[in-house]
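In what follows, a single structure is set out as structure tokens and then discussed.
Numbering of ligands and ligand atoms starts at 1, following listing order. Because only heavy atoms are used, hydrogens play no part in the values below, and waters and symmetry mates are left out as well, while side chains stay in.
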Amino acid sequence: MLMSSSVSAVNHGENWDHGNWFCGFWVGLLLAAYLHSGDEKFVSFARDRMALVAQCADDGNTHDIGFIFLSSAVPFYHITGERLYRDMAMRAAERLRARLVVTRRGSYISSWGPMDDPRGRESSAIDTMANIPLLYWAARESGDASFQLAAVSHARMTDRSFTRPDQTLYHAVQYDTVSGVRLRGYTFQGYSDEPSWSRGTGWAVYGLAATAAATGDRAYLDRASSLAKKWLEQLGGCIVPPWDFDDPAPRPVLDSSASAMMAAVLVDLAHLHPEEDQRIFWRGEAERLPSGLCSEFLATDQAHRGILKKACYSKPHNVGVESAVMFGDYFFEAIMRLLMPGKFIRQYERLG
Ligand code: GLY
């Protein structure tokens, strides 16, 4: 599936239109198929596809290299031990680290566009939280703590600038690049600037859980848990959220990908929590969502091009609405974290 890469990046032209951000997810799905079936042909398909994805490792114009290599080269190396994929992911991590903008109030990873373009430097999206686990991976793999420093400063500044008092989040923030003051909070893919884009919370929880795992700092786990609790409260016992919790339509379009990715992240929370009652709670939710996805949202029609039905890439742009999306299917497969802990990617250890 090919979709515009720019629904969030907004601007167009050389160095902005960088190709789609989900090309790595297909590789991840093939690797998951290999782990599930033991059939080597899936590794061979994944290897062929990686040859095409590899060129993105040298694209320094987008935070999306995190999404791309975390879902492809990192599990490839984890599963096969082939150094080629380690080196590729490391190159991508170097590019991502180079997107750090240092201000007086802290530092953040700029989301889109060339770094010498002020429109790129001043903007940050909540999605970037899902890219910083690549920096934690690189820090651990190489022993170079500067990757981790960049990721932690991004997480700290994002938490301060994106989180509203009611534990919902802005989709994007425009910073003053010198002082680091938030000039405005706004949205590209949500209903309007103030409401609550359901997939965005998942990206934030994903990055905060990774930050807690990398640093051992309980405060990040608490924030991740509190955002996830708010999301579950907004979900209100359903399985799949609306694309934006504040869409006033009587039957808003749903986004199954938001649920699939939140489920994958809740597995992380269940692993990280030191308290048994918390582990039981998060594990229960991490199992409830995929089980509901299986019974209500699994595509059985051969004509459907994905695993899950009723995802929503971007409602405001009318792109991928009521559709299959590659990232939804990828995170749904990441439920392998429940079925085969540690096989697909390294499993987080419990905080002390
Ligand atoms: N760019 C990430 C998303 O659409 O969720």
| Parallel, tilted or perpendicular: which fits the ring planes of H171 and W197, with parallel below 30° and perpendicular above 60°? | tilted
| task | Take every heavy atom of W197, measure it against each atom of ligand 1, and state whether any distance is under 4.0 Å. | result | yes
| message | A quick test of your reading: do over 12 heavy atoms of other residues, nucleotides or ligands sit less than 6.0 Å from CH2 of W282? | response | yes
| request: Using a 4.5 Å cut-off on heavy atoms from C-beta on, say whether the side chain of K230 contacts that of T201. | output: no
| R99 side chain to G60 main-chain N or O, any donor-acceptor pair under 3.5 Å? | yes
| field | D246 side-chain N/O to P195 backbone N/O, donor-acceptor pair under 3.5 Å | value | no
| message | Regarding ligand 1, does D64 bring an N or O atom to under 3.5 Å of one of the ligand's N or O atoms? | response | no
| said: Using a 4.0 Å heavy-atom cut-off, which part of F327 comes near ligand 1: side chain, backbone, both, or neither? | reply: neither
| note | Note: ligand 1 atoms sitting under 4.0 Å from heavy atoms of Y313 are 4 (O)
| field | Atoms of ligand 1, numbered as shown, that sit under 4.0 Å from any heavy atom of Q189 | value | 3 (C), 4 (O)
| message | On a heavy-atom basis, I'd like to know which of V319, D127, V325, T62 is closest to atom 2 (C) of ligand 1. | response | D127
